[in-house]
Amino acid sequence: QVQLVESGGGSVQAGGSLRLSCAASGRTFSSYVAGWFRQAPGKEREFVSFTTRSGDRTYYADSVKGRFTISRDNDLNTAYLQMNSLKPEDTAVYYCAAARGNSFKATSYDFWGQGTQVTVDP
């Protein structure tokens with residue numbers, strides 16, 4: 001089992017920045033791919049980004065590419081999502097997740113955090 005706890009959400013004006021953190025406990029975090037997903041009201045959960053076990057490779061949804069940066073510190077058992085140039089359409093609950101293999105699909109992720117709200121005002 002891996003327990004994940006997100007933090008760092010909040011409200012920000014368009015063009016602003018936020019940094020989300022995902023603290024992992026339980027089994028060795030470095031054994032898992034770390035991903036971020038988001039879900040806006042009335043919409044399905046969508047992929048945002050993931051990084052490989054070592055953090056040497058990163059992948060992004062087209063909608064956030066160039067604005068968001070995913071990273072991880074396996075010594076601290078923590079993953080991060082730096083979000084810059086935020087837009088109102090980035091408003092959603094953001095979830096951290098862990099998977100055994102690289103995947104863009106939410107169904108591939110075995111462990112999930114409780115989510116953190118990000119609101120971007122126009």
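- Rounded to the nearest 0.5 angstrom, R67 CZ and M83 CE are separated by 9.5 Å.
- For the pair R72 and F29, the tightest heavy-atom approach, listed with the atom from each and the gap, is NH2-O, 2.9 Å.
- Nearest heavy-atom pair, L4 versus A98, reported as atom, atom and distance to 0.1 Å: CD1-N, 3.8 Å.
- Of all the heavy atoms in W36 and A79, the pair that sits closest is CZ2-O, 4.1 Å.
- Between R38 and the options D90, T91, T116, a side chain to side chain donor-acceptor pair (under 3.5 Å) holds for only D90.
- Checked by atom type and distance alone, the side chain of T51 pairs as donor or acceptor with a backbone atom of R57 at under 3.5 Å.
- Remark: side-chain polar atoms of Q13 are not paired, donor with acceptor, to backbone N or O of D121 under 3.5 angstrom.
- Side-chain atoms of N74 never come within 3.5 Å of backbone atoms of N77 as a donor-acceptor pair (strictly under, hydrogens ignored).
- Taking both residues in full, the closest heavy atoms of A99 and S108 are given as CB-O, 3.5 Å, listed atom of the first, atom of the second, then distance.
- In summary, the side chains of N84 and S17 do present a donor paired with an acceptor at a separation below 3.5 Å, with no hydrogens or angles considered.
- Not one N or O on the side chain of S49 forms a donor-acceptor pair closer than 3.5 Å with the backbone of Y60.
- Side-chain N or O atoms of E6 include one that pairs as donor or acceptor with a backbone N or O of Q114 at under 3.5 Å.
- Separating the CD atom in E46 from the CD atom in E44 is a distance of 10.0 Å, to the nearest 0.5 Å.
- Checked against the 6.0 Å centroid criterion, the rings of F50 and Y59 qualify as a close aromatic pair.
- A ring-centre distance under 6.0 Å is not found for Y95 and Y109.
- Rounding to the nearest 0.5 Å gives a distance of 12.5 Å between CZ of F47 and NZ of K105.
- Atoms OG and CG, from S11 and L86 in turn, are 11.0 Å apart once rounded to the nearest 0.5 Å.
- How far SG of C96 is from CD1 of I70: 8.0 Å, rounded to the nearest 0.5 Å.
- Judged by distance alone, with hydrogens and angles left aside, the side-chain atoms of T78 form no donor-acceptor pair with the main-chain N or O of D73 at under 3.5 Å.
- Ring geometry, F68 versus Y94: the interplanar angle falls from 30° to 60°, so the pair is classed tilted.
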